[in-house]
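Not measured: the values here are computed from a predicted model. Here is the naming used below: chain letters follow the sequence lines, and residue numbers restart at 1 for every chain.
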Amino acid sequence: MPELPEVETVARQLAPLVSGRVVERLEILDRRLGRIRTSLRGLRISTVSRVGKQLVVELCGPPRRTRSTGAKGHASDAADRLWLAVHLRMTGRLLWTPAGRAPPREHLRARLILAGGELSFVDLRRLGTLRIHRSRDALQAVGVEPLAAQLTSRVLADLLAGSAQPIKPWLLRQDRLLGIGNIYASEILHRAHIHPERPAGSLGATEARRLWLAVRQVLRAAIRHCGTTISDFQDARGRAGSFQRRLAVYGREGEPCRRCGGPVERRVQAGRSSYFCGRCQR
DNA sequence: GGGTACCTGAAA
DNA sequence: TTTCAGGTACCC
């Protein structure tokens, strides 16, 4: 479910709600998430942000004693700062419930209990992940953030160069651009007038520039509308996004293209549906 | 590169 | 009953 705009929406909402709050404990309810040995008790949330499609809760606290050190034990600076990375995958939600209100119970997989409320990790399909990182480097993905100033149209053109992979599955690669998923890949290519089966490396300079613009315009617009809710996505307060009303092609097979009136087609690429207008995407 | 598995549920 | 789903890890 959640691509960059949905995750960004959740991060922006959570940051002011939970920053500064102290952790009571982390409860893992689904053993599929694995064991987390590190105690988070007493750590304070400094901020919530997004890296690619991951939500990152930054925690800091006073130096603590590590339990794994020998009999004496000693204060460890390394424990001073931790990052809790949550990947929502297909159906994950991170929901904020202030103290005094009832947190969700259905499909609840983990809870981060804080002073004044709790963050509930709800995930119907149980594909989501939750990990603790001890360094910021562990979070840095190889791909480029598509909304960062670093991504110029020139940088994008260089990334595309030489690739024979069709552009639609290319856009889903998280080792190139971060955060684009199946909905926005189709929407971006429609806006850029580019056919999803074009080899990535075959795009000329003008097309690469159009693609670059479309990436930024579509993602920014989707963030403004708090993401796309087809069936599952909810923001930190449990509300749906609204960008689904503005989708140009995704999920609209057989309906008329909003730009030229031609029929929207659906084709499977690398096992995933692509939607496009064969008349105005070349 | 693409196919498949992972997991659960809704819809066709 | 079968197909499909916003993601990605692992297999050739």
Side-chain angles (χ1 to χ4, degrees), chain A residues 1-11 29-34 50-55 85-95 104-110 121-131 139 141-143 146 159-190 196-202 218-219 221-223 225-236 238-254 266-275:
Chain A
M1 156 252 299
E3 305 179 32
L4 183 152
E6 290 75 34
V7 180
E8 181 70 23
T9 295
V10 175
L29 306 173
D30 181 358
R31 62 184 50 188
R32 196 171 196 282
L33 289 172
R50 175 192 63 75
V51 173
K53 297 176 188 172
Q54 300 206 86
L55 277 160
V86 181
H87 201 308
L88 305 174
R89 293 285 185 96
M90 297 288 264
T91 54
R93 301 171 181 172
L94 204 54
L95 298 162
R105 303 171 64 177
E106 199 175 16
H107 306 131
L108 182 61
R109 310 301 180 201
F121 180 48
V122 169
D123 185 14
L124 185 152
R125 287 175 68 181
R126 302 165 68 206
L127 297 173
T129 60
L130 203 152
R131 296 194 58 185
L139 292 169
V142 263
L159 286 172
L160 293 165
S163 173
Q165 187 171 26
I167 186 62
K168 161 56 166 49
W170 187 94
L171 285 173
L172 299 180
R173 297 178 57 167
Q174 303 299 299
D175 61 340
R176 293 298 186 270
L177 299 184
L178 288 170
I180 297 172
N182 209 37
I183 294 178
Y184 299 112
S186 282
E187 293 299 306
I188 286 164
L189 289 173
H190 178 262
E197 291 172 333
R198 290 279 304 283
S202 76
V218 168
L219 295 179
I223 291 170
H225 294 275
C226 298
T228 300
T229 299
I230 304 290
S231 60
D232 291 290
F233 173 64
Q234 287 186 357
D235 65 19
R239 291 192 299 235
S242 67
F243 197 70
Q244 62 279 7
R245 296 200 283 264
R246 312 183 103 80
L247 293 176
V249 286
Y250 185 86
R252 299 188 62 242
E253 182 181 16
R266 171 179 173 269
R267 210 167 284 183
V268 175
Q269 294 181 279
R272 316 206 57 196
S273 292
S274 300
Y275 296 87

A:Pro196 and A:Gln269, any side-chain heavy atoms less than 4.5 Å apart: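 Yes, close enough: below the 4.5 Å cut-off.
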Non-hydrogen side-chain atoms of A:Leu4 and A:Arg50 separated by less than 4.5 Å: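 Side chain of A:Leu4 against side chain of A:Arg50, heavy atoms only: contact under 4.5 Å found.
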Per A:Leu124 side chain, nearest of listed nucleotides B:dG2, B:dG9, C:dA5: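 The answer is B:dG9, which lies nearest to the side chain.
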Out of B:dT8, C:dG6, C:dT8, whichever nucleotide has its closest atom nearest the side chain of A:Lys53: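 Shortest atom-to-atom distance from the side chain points to C:dT8.
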Partner nucleotide, any strand, of C:dC12 [Watson-Crick/G-U, under 3.5 Å]: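 Partner of C:dC12: B:dG1.
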Watson-Crick/G-U partner (both atom distances under 3.5 Å) of C:dG6: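 No nucleotide pairs with C:dG6.
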[X] [atom1] to [N] [atom2]: how many Å, rounded?
X        : N     : atom1 : atom2 : answer
A:Leu171 : C:dG6 : CG    : C1'   : 15 Å
A:Leu127 : C:dC4 : CG    : C1'   : 14 Å
A:Ile230 : B:dT8 : CD1   : P     : 23 Å
A:Arg266 : C:dC4 : CZ    : C1'   : 8 Å
A:Gln174 : B:dG1 : CD    : P     : 15 Å
A:Asp175 : C:dG7 : CG    : P     : 15 Å
A:Arg173 : C:dG7 : CZ    : C1'   : 16 Å
A:Arg272 : C:dT3 : CZ    : C1'   : 15 Å

P spacing across the pair C:dT3 / B:dT4, given as an integer number of angstrom: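 Rounded to whole Å, the distance is 13 Å.
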Whole-Å P distance, B:dA11 and C:dG6: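 The answer is 15 Å between these two P atoms.
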Distance-only side-chain donor-acceptor flag, A:Gln165 / A:Arg173, under 3.5 Å: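 Result is yes, a qualifying pair exists.
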Pair A:Ser273-A:Arg266, side-chain donor/acceptor within less than 3.5 Å: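 Their side chains do contain a donor-acceptor pair, which is all the 3.5 Å distance test asks for.
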Is the phosphate of [N], meaning OP1 or OP2, less than 4.0 Å from a side-chain N or O of [X]?
X        : N     : value
A:Gln54  : C:dG7 : no
A:Thr129 : C:dT8 : no
A:His87  : C:dG7 : no
A:Arg125 : C:dG6 : no
A:Arg89  : B:dC7 : no
A:Tyr184 : C:dG6 : no

Straight-line distance of A:Tyr184 OH to A:Leu171 CG, nearest 0.5 Å: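 The CG atom of A:Leu171 is 14.5 Å from OH of A:Tyr184, to the nearest 0.5 Å.
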From A:Thr9 atom OG1 to A:Phe243 atom CZ, the distance as rounded to the nearest 0.5 Å: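 A:Thr9 OG1 to A:Phe243 CZ: 11.0 Å, rounded to 0.5 Å.
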No-H, no-angle donor-acceptor pair, A:Ser231 side chain to C:dG6 base, under 3.5 Å: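 Yes, a donor-acceptor pair under 3.5 Å.
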5' priority, DNA chain B, between A:Arg32 and A:His107 [closest heavy atom]: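 Of the two residues, A:Arg32 wins.
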